[in-house]
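Quick note: numbers below take in every heavy atom, side chains included, and nothing from hydrogens, waters or symmetry partners. Along the sequence shown, the residues carry numbers beginning at 1.
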Amino acid sequence: ALPRSRPEQKQFYVMQRSFDAETAFLRNTQADLLGLGVAAVLIALIAGFLVAERITAPVQRLVRGAEEMERGNYDYPLGVTSRDEIGELAARFDDMRRQQREYVRSLRETARTRKEFIAIASHELRTPITVIRGFHELMSEGGLGELRREQKVALEGIERSVTTLSRIAEDATQMAQIDGDRLVLDRTECDISDLIERTLEMARQRASGRRVDLVGEIAPGSGSVSVDVSSLSQALLNLVTNGVRFTPDGGRVEVRASRSGGRGGDWLVIEVRDTGVGIEAARKDHLFDHSMNARPSSHHHSSNWLEFNSAGLGLGLQIAYGIVEAHGGRMTVDSTPGLGSRFTMWIPAGDEIQVAEAA
């Protein structure tokens, strides 16, 4: 029993001791854990850096190499010398890049050879065409004797064929000039109304065997503009005859001319609308590429007159686009398959002419 306590009462025992030792142990443990945590973070950072240097960095250089390929640079240093999987990937990529460079070089050489061939061939064609035309005129006028009816019919066929051949040679020459940036413009002041009417009359002559309405609509105030009359008329004629070619009989091709002014400048806007078969979206994206639209020869069908769905060499739209570009303008197309197409030429008509020529 505790002193001065009653036996019948409960007894209470109290022990008191300092916890300084336990507190010091806990603090030491916390410090050790904190040190381990810092060490673990440092190790993770170092490991991540090593992984990035060994894997991520080479992959990023491969990506940069691919981006440089798009810009035409096939010699960008990859800087990958390891012999692991990344090194093997880099080696394969370098082989592919080397093959791609040779392929692109061969394509450029082929394109250059094609352009030279077209330019030379179109030039050389002019001499025999001139000779054929000369003899044709001589025979037609009776210079080589009286002609029978059968011979006159044959001469008419020769004339049509020579006209077609001359047009092909002229188109090829013009396309070669456009591709080589050698198209020279002879600007003169031209009345818009006269330009449209003359072009539509030429189109009607070419489409004499077709039942397609050709109409022109010139907005008031269109006035005149300084352009190369011959080449711009050729561009417009190509668009109109293209519309006739792909519009069934009973359809319509409209040519609308107007002036567009404002903050964007003064522009001559010429629209060629047709009610033809239209153009698919996939083909529309490459419609104005400066290249010959290749078609399978087994499906090629051309005609001396604008027969529906017949196809020529496919140079008409590219020539029109090149002529508009040479004037400092632009050309757009809006088409829906089955509902027709709309080609729009934007030709600078004011101070924009000097800006475009300076550029």
Query raised in the report: Nearest heavy-atom pair of Ser140 and Leu147: which atoms, and what distance?
Result: CA-CD1, 4.1 Å
Report task. Would you check if Ile279 and Phe246 make a side-chain contact, meaning some heavy-atom pair closer than 4.5 Å? Result -> no
Report task. Quick one: closest heavy-atom pair of Pro348 and Trp267, and the distance? Result -> N-CE3, 3.4 Å
Query raised in the report: Are any of the side-chain nitrogens in Lys152 or Glu156 under 4.0 Å away from the carboxylate oxygens of its partner?
Result: no
Query raised in the report: From Gln151 CD over to Met139 CE, what is the distance, rounded to the nearest 0.5 angstrom?
Result: 6.5 Å
Report summary line: What one should report as the nearest heavy-atom pair of Ser341 and Gly278 is OG-CA, 3.6 Å
Query - Polar side-chain atom of Arg97 near backbone of Tyr74 as donor-acceptor pair, under 3.5 Å - result: yes
**Report entry** Reported CG-to-OG distance for the pair Asp266 and Ser260, which is rounded to 0.5 angstrom
**Finding:** 8.0 Å
Report task. May I ask whether Ile323 and Leu237 are part of the same hydrophobic cluster, defined by side-chain heavy atoms of I, L, V, M, F, W, Y residues being less than 4.5 angstrom apart, directly or through others? Result -> no
Query raised in the report: Looking at side-chain heavy atoms only, is the closest gap between Val215 and Val255 below 4.5 Å?
Result: no
Query raised in the report: Within the distance-only criterion (no hydrogens, no angle test), does the side chain of Ser335 pair as donor or acceptor with the backbone N or O of Gly340 below 3.5 angstrom?
Result: yes
Report task. Flag the pair Arg61 / Phe93 as yes when at least one side-chain heavy-atom distance between them is below 4.5 Å, and no otherwise. Result -> no
Query raised in the report: Does Leu155 belong to the same Ile/Leu/Val/Met/Phe/Trp/Tyr cluster as Ile129, with side-chain heavy atoms less than 4.5 Å apart forming each link?
Result: yes
Query raised in the report: Hey, are Arg133 and Glu137 close enough for a salt bridge, meaning a charged N less than 4.0 Å from a carboxylate O?
Result: no
Requested in this report: Please answer whether the main-chain N or O of Arg342 pairs with a side-chain N or O of Asp334 as donor and acceptor at a distance below 3.5 Å.
Outcome: no
Query - Min side-chain heavy-atom separation Leu236-Ile196 under 4.5 Å - result: yes
Query raised in the report: Does Glu67 CD have over 12 foreign heavy atoms under 6.0 Å away?
Result: yes
Query raised in the report: Roughly how far, to the nearest 0.5 Å, is the CD atom of Glu217 from the CZ atom of Arg273?
Result: 9.0 Å
Query raised in the report: Which residues satisfy the side-chain hydrogen bond (donor to acceptor under 3.5 Å, both in side chains) test with Glu141, sequence neighbours excluded?
Result: none
Report task. Over all heavy atoms of both residues, which pair between Ala349 and Val225 is shortest? Give the atoms and the distance, please. Result -> CB-CG2, 3.5 Å
Acceptor/donor pairs from residues 25-47 side chains to any protein atom, 3.5 angstrom cut, sequence neighbours excluded:
from, atom 1, to, atom 2, distance (Å)
Asn28, ND2, Ala24, O, 3.1
Thr29, OG1, Phe25, O, 2.9

Report summary line: Sorted by chain and number, sequence neighbours left out, side-chain hydrogen bond (donor to acceptor under 3.5 Å, both in side chains) with Asp75 holds for Arg101
Query raised in the report: Is there a side-chain contact between Met331 and Glu325 (heavy atoms, below 4.5 Å)?
Result: no
Report task. Output all residues satisfying side-chain hydrogen bond (donor to acceptor under 3.5 Å, both in side chains) with Arg252, sequence neighbours left out; order by chain, then residue number. Result -> Glu254
Requested in this report: Look only at the side chain of Asp186 and the backbone of Asp228, and say whether a donor-acceptor pair between them is shorter than 3.5 Å.
Outcome: no
Query raised in the report: Looking at side-chain heavy atoms only, is the closest gap between Val104 and Gln100 below 4.5 Å?
Result: yes
Query raised in the report: Is the backbone N or O of Thr241 less than 3.5 Å from a side-chain atom of Arg206, with the two atoms forming a donor-acceptor pair by type?
Result: no
Query raised in the report: Considering only heavy atoms from C-beta outward, does the side chain of Glu159 approach that of Ile132 to under 4.5 Å?
Result: no
Query raised in the report: Can you tell me how far CG of Leu317 sits from CG of Asn242, rounded to the nearest 0.5 angstrom?
Result: 4.5 Å
Report summary line: When every non-hydrogen atom of Arg259 is compared with those of Ser222, the smallest separation belongs to NH1-O, 2.6 Å
Requested in this report: Kindly compute the distance separating CD1 (Ile218) from CD1 (Ile192), expressed to the nearest 0.5 Å.
Outcome: 9.0 Å
Query raised in the report: When clusters are formed by joining ILVMFWY residues with side-chain heavy atoms under 4.5 Å apart, either directly or through shared neighbours, do Leu200 and Val272 land in the same one?
Result: yes
**Report entry** Contact list for residues 192-205, test side-chain hydrogen bond (donor to acceptor under 3.5 Å, both in side chains), sequence neighbours left out
**Finding:** Thr199-Ser233
Report task. Taking all heavy atoms of Gly251 and all of Thr275, pick out the closest pair and write down the distance. Result -> CA-OG1, 3.4 Å
Query raised in the report: Do any N or O atoms from the side chain of Arg330 and from the backbone of Thr344 form a donor-acceptor pair under 3.5 angstrom?
Result: no
Query raised in the report: Excluding sequence neighbours, so at least two apart, what forms salt bridge (Lys or Arg N to Asp or Glu O under 4.0 Å) with Arg98?
Result: Asp94, Asp95
Report task. Rounded to the nearest 0.5 Å, what's the gap from CZ on Arg187 to OG on Ser226? Could you check? Result -> 5.5 Å
Requested in this report: Check the hydrophobic clustering (I, L, V, M, F, W, Y; side-chain heavy atoms under 4.5 Å; chains of links allowed) and say if Val240 and Met202 are grouped together.
Outcome: no
Query - In one Ile/Leu/Val/Met/Phe/Trp/Tyr side-chain cluster, 4.5 Å: Met96, Leu78 - result: yes
